[in-house]
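To start, the structure itself, in structure tokens.
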Amino acid sequence: MDFIKKQLTELGMTEPSLGYFSSVIMIIFIALISMIANYIAKRLVLKAVHRIVSHNRFKWGHIVVQKKLFQRLSHLVPAIIIYYTAYIFPGYQALIEKAAMTYMIVIMITVLNALLNVFDDIYRTYEVSKIRPIKSYIQVAKIVLFIIGGIIVISSLVGQNPLIILSGLGALSAVLMLIFKDSILGLVAGVQLSSNDMVRVGDWIEMPKYNADGDVIDITLNTVKVMNFDKTITMIPSYALISDSFRNWRGMQVSGGRRIKRSIFIDISSIRFCDEEMVAEFEKIHYLTDYVTSKLKEIEAYNVEHQVNRESNVNGRQLTNIGVFREYIHQYLRHHPKINKDMTMIVRQLAPEDRGLPLEIYAFSNDTNWAVYENVQADIFDHIFAVASTFGLRAFQNPTGHDIVQLKENKEYVREY
């Protein structure tokens, strides 16, 4: 500053213009130095650092570059220059130093915030992140960071000890707890969800209360984001997964089998004993040959042993078309390539209803993919409905308009003849 004043004095400049112009020239000079330092930091040093990090064999190098961590750090260079040149302006030194220090604190907060994002993204590259997500903890750390950073900024501006401001906030703890109620509940819920392994990113969950039925795509401090199968997004409060009930389908996906539990309703009037002609036809069916042969021998031995009167089918034991049909379905499922043979497989009768006799298939497909599962289930019941008539059975169906038309036509035909 003295050198500039000396040069301006030699040019014939006098006070007060001398002090004014020397200050302006010094400000321009500091600004130029700051710009040059910022340019060097960003264009040269920053590019070199990015080149080194990008060619690193670890994945985190690209994440650091993407989050612009070093770029934010480079903003400290001009602030440091301004801070250490503040003594040139004695009248404004304290104000300049406060402004520069505040700016550096804000930059450090943004750098630490970016660093937390980098940690989160690096952690997400590992498989364990799906089991133990840390995004909620990262968000808690950010809240603490911004609170502490805000206290330091305020204390720097007002020239007070940060501990004094912090002690003042203690008196407002009730208000702070009210403001951060959702965050506190979310943090507690996040710890419980993570420690008990209740939900992970990628899990299929179902929560009717929130109209959620889809895959978990993100778990944050306050919410769990679910992409429903219709591609809509549902946001569920984290603590709701602790306080309310929800269904997690992960167990099904991990087990390798998806349950098929559906019934075909048989018209009860079509159920009857098997005659010789029906038995002969059943013996031709590949899945039933051994069953019918062994069953006939068993029935014959029983009837002979108990001296059953064969003149009535009611006496003794007889094959029924519904029993043979049930065994056929069971054998069909056993030989089906898409059915998991290591899991429960049952073909059972349920209690008769006004719609007929329910014959329920309870089995598991060996592919948990939704589309494949639906195709397997449809193929099985396509076949069952198609072969039911082979066993002399009719699937129950309420009368339709076609049935009424057919009945009317039959009545007219009878009248004519």
Side-chain angles (χ1 to χ4, degrees), residues 203-208 212-215 229 245-274 278 281-283 285-295 298-299 317-398:
D203 283 356
W204 168 18
I205 67 171
E206 186 178 347
M207 202 169 186
D213 186 12
D215 298 327
F229 294 125
S245 175
F246 72 98
R247 177 181 290 183
N248 191 332
W249 292 84
R250 188 203 312 156
M252 177 272 294
Q253 294 170 329
V254 172
S255 68
R258 188 165 180 176
R259 187 181 70 175
I260 298 172
K261 186 175 182 288
R262 184 183 291 182
S263 299
I264 174 175
F265 288 85
I266 302 298
D267 189 340
I268 296 178
S269 63
S270 65
I271 299 174
R272 63 180 185 273
F273 290 119
C274 297
M278 292 176 67
E281 288 297 322
F282 294 158
E283 287 180 332
I285 300 174
H286 179 68
Y287 293 150
L288 291 177
T289 302
D290 294 338
Y291 169 77
V292 172
T293 302
S294 62
K295 203 68 176 175
E298 179 185 335
I299 292 173
R317 294 176 59 185
Q318 301 287 339
L319 279 176
T320 60
N321 59 348
I322 188 69
V324 177
F325 183 52
R326 182 162 49 85
E327 177 62 22
Y328 170 79
I329 297 174
H330 187 264
Q331 293 297 329
Y332 176 76
L333 293 175
R334 283 184 58 192
H335 291 84
H336 199 288
K338 290 294 184 179
I339 295 297
N340 193 322
K341 311 305 186 300
D342 298 326
M343 303 183 81
T344 305
M345 185 190 304
I346 301 174
V347 182
R348 61 176 181 169
Q349 288 185 17
L350 301 181
E353 301 179 11
D354 55 355
R355 294 180 294 170
L357 177 67
L359 200 61
E360 184 183 76
I361 286 80
Y362 193 103
F364 291 81
S365 67
N366 57 17
D367 195 325
T368 60
N369 181 275
W370 187 16
V372 176
Y373 161 78
E374 291 293 348
N375 284 332
V376 171
Q377 186 171 235
D379 287 342
I380 290 172
F381 278 88
D382 287 348
H383 182 78
I384 290 173
F385 279 110
V387 301
S389 59
T390 305
F391 294 85
L393 297 168
R394 292 189 302 273
F396 182 85
Q397 177 176 288
N398 287 322

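As the structure is a prediction and not an experimental result, all values here were calculated from the model. The figures here come from the full heavy-atom set of this structure, side chains too, leaving out hydrogens, waters and symmetry mates.
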Between [X] (side chain) and [Y] (backbone), is there a donor-acceptor pair under 3.5 Å?
| X | Y | result |
| --- | --- | --- |
| N366 | P337 | yes |
| N321 | T390 | no |
| S389 | G392 | no |

Inter-residue atom distance [X].[atom1] - [Y].[atom2], 0.5 Å rounding:
| X | Y | atom1 | atom2 | value |
| --- | --- | --- | --- | --- |
| S255 | D342 | OG | CG | 11.5 Å |
| M252 | R247 | CE | CZ | 10.0 Å |
| L357 | L393 | CG | CG | 9.5 Å |
| M207 | F246 | CE | CZ | 7.0 Å |
| E360 | R326 | CD | CZ | 13.0 Å |
| N369 | Q253 | CG | CD | 10.0 Å |

_Are more than 12 heavy atoms, taken from residues, nucleotides or ligands other than N375, located less than 6.0 Å from that residue's CG atom?_
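Yes, because the 6.0 Å sphere around CG of N375 holds more than 12 heavy atoms from other groups.
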*Starting from the C-alpha separation in whole Å, work towards a yes-or-no answer on side-chain contact (heavy atoms from CB on, under 4.5 Å) for V376 and I260.*
CA-CA 9 Å; V376 171; I260 298 172; 4.3 Å; yes
Does a side-chain heavy-atom distance below 4.5 Å link [X] with [Y]?
| X | Y | answer |
| --- | --- | --- |
| P358 | R348 | no |
| I380 | I339 | yes |
| S263 | L359 | no |
| I268 | P352 | yes |
| R259 | Y362 | yes |
| F396 | I266 | no |
| Y291 | F282 | no |
| I361 | I346 | no |

*Apply ring-ring contact (aromatic ring centres under 6.0 Å, His included) to F325 and list each qualifying residue two or more places apart in sequence or on a separate chain.*
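With sequence neighbours excluded, F325 shows a ring-ring contact (aromatic ring centres under 6.0 Å, His included) to F391, given in chain and number order.
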_Closest non-hydrogen atom pair, T368 against G257_ =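 Result for this residue pair: CG2-N, 3.7 Å.
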*Grab the two heavy atoms, one from M278 and one from C274, that are nearest each other, plus how far apart they are.*
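That would be SD-CA, 4.0 Å.
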*All pairs passing ring pair (Phe, Tyr, Trp, His ring centres under 6.0 Å) where residues 248-274 contributes a residue, at least two apart*: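 Those involving residues 248-274 are W204-W249.
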*Does anything in residues 262-272 pair up under salt bridge (Lys or Arg N to Asp or Glu O under 4.0 Å), and if so which pairs, sequence neighbours excluded?*
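Listed by first then second residue: D267-R394.
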*asked:* Under the rule for salt bridge (Lys or Arg N to Asp or Glu O under 4.0 Å), what residues qualify as partners of E281, not counting sequence neighbours?
replied: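 Partners of E281 under the salt bridge (Lys or Arg N to Asp or Glu O under 4.0 Å) test: K284.
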*asked:* Holding to salt bridge (Lys or Arg N to Asp or Glu O under 4.0 Å), I want the full list of residues that pass it with D203, two or more places apart in sequence or in another chain.
replied: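 In terms of salt bridge (Lys or Arg N to Asp or Glu O under 4.0 Å), with neighbours along the sequence ignored, D203 is linked to R250.
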*Would you verify whether the NZ or CZ of R258 falls within 45 degrees of the ring axis of Y373 while also being under 6.0 Å from that six-membered ring's centre?*
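Checked: cation-pi criterion met.
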Listing, residues 329-336 side-chain donor-acceptor contacts under 3.5 Å, not counting sequence neighbours, or none:
unit_1 : atom_1 : unit_2 : atom_2 : d
Q331   : NE2    : E327   : OE2    : 2.8
H335   : ND1    : Q331   : O      : 2.7
H336   : ND1    : K338   : N      : 3.1

